[in-house]
Amino acid sequence: LDGLLDGRLDGFFRGFRETFVVFAMAAVGVSFGDTSAAVACERNERTDIIANELGERLTPTLVAFSDTGESVVGLPAQQGLIRNAKRTVGCFHSLLGGPAEGQNGRPGTCTAVTEGGKVVFKVPDVKKPLTPVAAASMVLRNLKTTAEAQTGASVKKAVYAVPVGFSADAKKGLSAAAEQAGLRPAQLISEPTAAVLAYQLGQDDRSESLNVLVVDVGGTNTSVTVVMLRGGMYHLAGTASSSQNAGAAYSKCVYDHLANEFKRKTKLDVNEAARSRAKLASSAEAAKKVLSTQATAAVTIDSLHEGVDFQASLMRSRMEGLVMHLVRGLLEVVQQALAASKVDVKNIDKVLLAGGGAKLPKLKSALQQMFAGKDVVLDSIPPDEVYAIGAAVQASLLLEEDLEEVSMEANKFHACPVDIGIMGRDGSIRVVLPKLTPVPAKRTCRICCADDGQESVALQLFAVGDPPKLLGRLALKDIEVGDAGETIVSVTVILKKDGSLEMHAEEPESGAEASLTIPVSTESET
């Protein structure tokens with residue numbers, strides 16, 4: 001009996017050691033945006049979100065400081081937002097790559113400023129300016145602590161889901177924040193890819209071909225992406241985005257309605273005081289979330305403005321009427337993404353919802369109607385948890401590999417991030433590499449000489465934008481002299497996996513050649 005018991009115990013401890021090693025090697029999945037962050041991992045063959053110490057599955061991406069400089073992260077920072085707004089920092093994810101147009105932090109909180117080309121938050125009573133990277137590292141450290149508490153092991157790496165269009169500078173900022181937090185990136189994957197992974201589409205049957213539409217209604221931005229699944233491979237075929245139809249816009253509609261109700265009842269304007277605005281904004285956001293699952297939301301605010309209390313009831317049908325223009329705007333973004341990918345609406349097989357704003361039932365029904373009533377809209381996974389779960393699925397695929405040896409290929413280019421082309425004399429740009437062309441890519445075009453007797457050609461390669469960005473110049477000399485339109489120059493542009501570009505020009509009659517190598521551009525994306 002003793003021998004049998006010893007054998008069982010030995011087997012038990014061996015199994016325990018093996019399980020511990022797996023957890024120690026496992027990377028978790030992280031979703032990190034302007035309004036919230038989440039961490040997920042695979043346990044007992046099931047991938048799920050890890051709740052934090054407060055039992056919350058999502059952590060608000062807020063960092064707040066006291067008048068003595070002490071900091072809190074997440075829900076405690078959110079709970080103190082009304083009385084401590086100026087010492088609270090938010091919406092710093094969009095600033096990881098540097099200054100961003102229209103982005104200077106969460107409205108009503110500490111405002112970001114640009115000094116010497118760098119973005120910082122000057123928080124009152126905090127000695128040093130806070131960078132977006134430092135703020136992000138505090139949130140990520142909180143997620144790391146949450147993951148370690150649940151897995152019982154040291155978690156040192158994570159797979160991160162990042163937006164389409166995430167620049168190289170933003171990647172560097174995120175990687176720096178992750179390093180500071182002790183949660184290094186094992187890989188970065190695009191958010192649409194994470195959504196597809198979360199639903200395990202195209203994984204069981206590699207011969208399956210699907211066109212998947214990922215609709216993301218985030219807090220500060222709405223994006224729609226068409227993902228083509230072919231032979232188990234994912235290709236981002238087209239994308240469109242808008243900041244006008246994001247979750248914050250839905251909250252603003254509820255806020256404005258409640259503010260008008262308060263003014264109608266009391267003749268007082270809540271917008272006259274910052275503290276009153278913060279109180280009403282918090283309640284409007286809460287009411288919006290309630291109405292995503294219930295038919296009615298009760299709003300009760302003590303001493304909203306000038307000592308006057310406020311009570312109101314908001315029906316979901318009323319809210320849907322308030323935001324209907326935003327829903328229509330979202331459908332326009334969907335049409336733009338379909339046009340960019342050259343996929344007809346009838347050829348979409350699945351629609352995946354992501355982002356907290358996508359929880360609104362009216363939004364789902366509008367999409368369902370757009371797709372002729374087909375049962376294509378999937379939301380069995382909470383939309384605001386999809387990306388973290390998808391990143392965790394990717395992390396679980398790395399378990400059989402040594403994480404120290406895992407390639408960071410997902411942190412490099414999977415698709416051309418912008419239209420790339422050659423600028424003509426009239427300032428127009430002839431696109432050679434269209435946006436979202438799968439990488440590596442090689443494209444060739446032919447250019448006619450515009451002048452009689454032309455002996456050289458000056459080529460300028462641009463990334464299309466507003467304004468266009470010059471990537472490089474190339475001069476081809478000693479070409480065959482001829483009349484205008486007769487001499488033809490062949491130009492080849494190559495985009496490599498690491499993001500570097502090569503441009504090669506050749507005039508076949510004279511044999512003249514010239515080449516240029518352009519290092520990794522800051523316009524990159526995953």
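Please read all numbers here as calculations on a predicted model, not as lab measurements.
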Quiz item: So, Lys128 side chain and Lys122 main chain: donor-acceptor pair closer than 3.5 Å or not?
Solution: no

Exercise. Could you tell me whether the side chain of Thr293 and the main chain of Val290 form a donor-acceptor pair under 3.5 Å?
Key: yes

Practice problem: Indicate yes or no: at least one non-hydrogen side-chain atom of Leu95 is less than 4.5 angstrom from one of Phe121. | Solution: yes

Quiz item: What distance separates Leu54 CG from Thr59 OG1, expressed to the nearest 0.5 Å?
Solution: 8.0 Å

Exercise. Report yes or no: does Thr145 contribute a side-chain atom to a donor-acceptor pair with the main-chain N or O of Arg141 at less than 3.5 Å?
Key: yes

Quiz item: Within the side chain of Tyr199, is there an N or O that forms a donor-acceptor pair under 3.5 Å with the backbone of Ser380?
Solution: yes

Exercise. Write down the atom of Cys91, the atom of Arg106, and the distance for their closest heavy-atom approach.
Key: CB-N, 3.5 Å

Quiz item: Which heavy atom of Leu58 sits nearest a heavy atom of Ala38, and at what distance?
Solution: CD2-CB, 3.7 Å

Practice problem: Give, for atom OG1 of Thr61 and atom CD of Gln78, the distance between the pair rounded to the nearest 0.5 Å. | Solution: 9.5 Å

Quiz item: Would you call Thr296 and Leu314 a side-chain contact if the rule is heavy atoms closer than 4.5 Å?
Solution: no

Quiz item: Taking only residues two or more places apart in sequence, or in another chain, which ones meet Ala178 in a side chain to side chain contact (heavy atoms under 4.5 Å, CB included)?
Solution: Leu140, Tyr160, Pro185

Quiz prompt | Where Cys253 and His325 come nearest, the two heavy atoms and their spacing | solution = SG-CE1, 3.6 Å

Self-check item: Leu304 vs Phe262 side-chain heavy atoms within contact, under 4.5 Å
Solution: yes

Self-check item: Phe92 and Phe32 aromatic ring geometry - parallel, tilted or perpendicular at 30°/60° bounds
Solution: tilted

Quiz item: Does the ring centre of Phe166 sit less than 6.0 Å away from the ring centre of His93?
Solution: yes

Practice problem: Check whether any side-chain heavy atom of Val224 sits under 4.5 Å from a side-chain heavy atom of Val214, and report yes or no. | Solution: no

Self-check item: Distance-only donor-acceptor check, side chains Asp34 and Thr220, under 3.5 Å
Solution: yes

Practice problem: Only one of Val377, Val215, Leu378 passes side-chain contact (heavy atoms from CB on, under 4.5 Å) with Lys364; say which it is. | Solution: Val377

Exercise. Output the distance between atom CD1 (Ile49) and atom CZ (Arg57), rounded to the nearest 0.5 Å.
Key: 6.0 Å

Self-check item: Check: Ala134 main-chain N/O paired with Ser137 side-chain donor or acceptor under 3.5 Å
Solution: yes

Self-check item: Arg87 side chain reached by Cys110 side chain, heavy atoms, under 4.5 Å
Solution: no

Practice problem: Answer yes if the side chains of Tyr255 and Asn260 hold a donor-acceptor pair under 3.5 Å, and no otherwise. | Solution: no

Practice problem: Examine the side chains of Thr225 and Thr239 and answer whether a donor and an acceptor come within less than 3.5 Å of each other. | Solution: yes

Quiz item: Hey, does Asp419 have a side-chain heavy atom less than 4.5 Å from the side chain of Phe462?
Solution: no

Practice problem: Please round to the nearest 0.5 Å and tell me the distance separating atom NZ of Lys359 and atom CG of Asp384. | Solution: 3.5 Å

Practice problem: Say whether, by atom type as modelled, one donor and one acceptor occur between the side chain of Asp379 and the main chain of Leu353 under 3.5 angstrom. | Solution: no

Quiz item: Do you know which two heavy atoms are closest between Gly98 and Val119, and how far apart they sit?
Solution: C-CG2, 3.7 Å

Quiz prompt | For the student: nearest non-hydrogen atoms of Val123 and Phe65, plus distance | solution = CG1-CD1, 3.9 Å

Exercise. Determine yes or no for a side-chain-to-main-chain donor-acceptor pair under 3.5 angstrom, with Thr222 supplying the side chain and Ser243 the backbone.
Key: no

Quiz prompt | Closest non-hydrogen atom pair, Leu62 against Gly90 | solution = CD2-CA, 3.8 Å

Quiz item: So with a 6.0 Å cut-off around CD of Glu53, is the heavy-atom count from everything else above 12?
Solution: yes

Quiz item: Within a strict 4.5 Å, meaning less than it, do heavy atoms of the Leu291 and Lys288 side chains meet?
Solution: no

Quiz item: Do Arg277 and Glu272 sit within salt-bridge range, that is, some charged N less than 4.0 Å from a carboxylate O?
Solution: no

Quiz item: Counting distance only, does the side-chain N/O of Thr88 pair as donor-acceptor with the main-chain N or O of Asn84 below 3.5 Å?
Solution: yes

Quiz prompt | Expected output: side-chain Lys171 to main-chain Val162 donor-acceptor under 3.5 Å | solution = no

Quiz prompt | Arg328 side, atom CZ; Asn245 side, atom CG - distance, nearest 0.5 Å | solution = 11.0 Å

Quiz item: Between Lys118 and Glu115, does at least one N-O distance fall below 4.0 Å, as a salt bridge requires?
Solution: no

Exercise. Check the pair Leu322 / Lys252 against side-chain contact (heavy atoms from CB on, under 4.5 Å), numbers first and verdict last.
Key: CA-CA 10 Å; Leu322 295 171; Lys252 182 66 165 54; over 6 Å; no

Quiz prompt | More than 12 heavy atoms of other groups within 6.0 Å of Glu148 CD | solution = yes

Quiz item: CD1 of Ile381 to CD of Gln200: how many Å apart, nearest 0.5 Å?
Solution: 8.5 Å

Quiz item: Ignoring hydrogens and geometry, is there a side-chain-to-backbone donor-acceptor pair from Ser365 to Lys362 under 3.5 Å?
Solution: yes

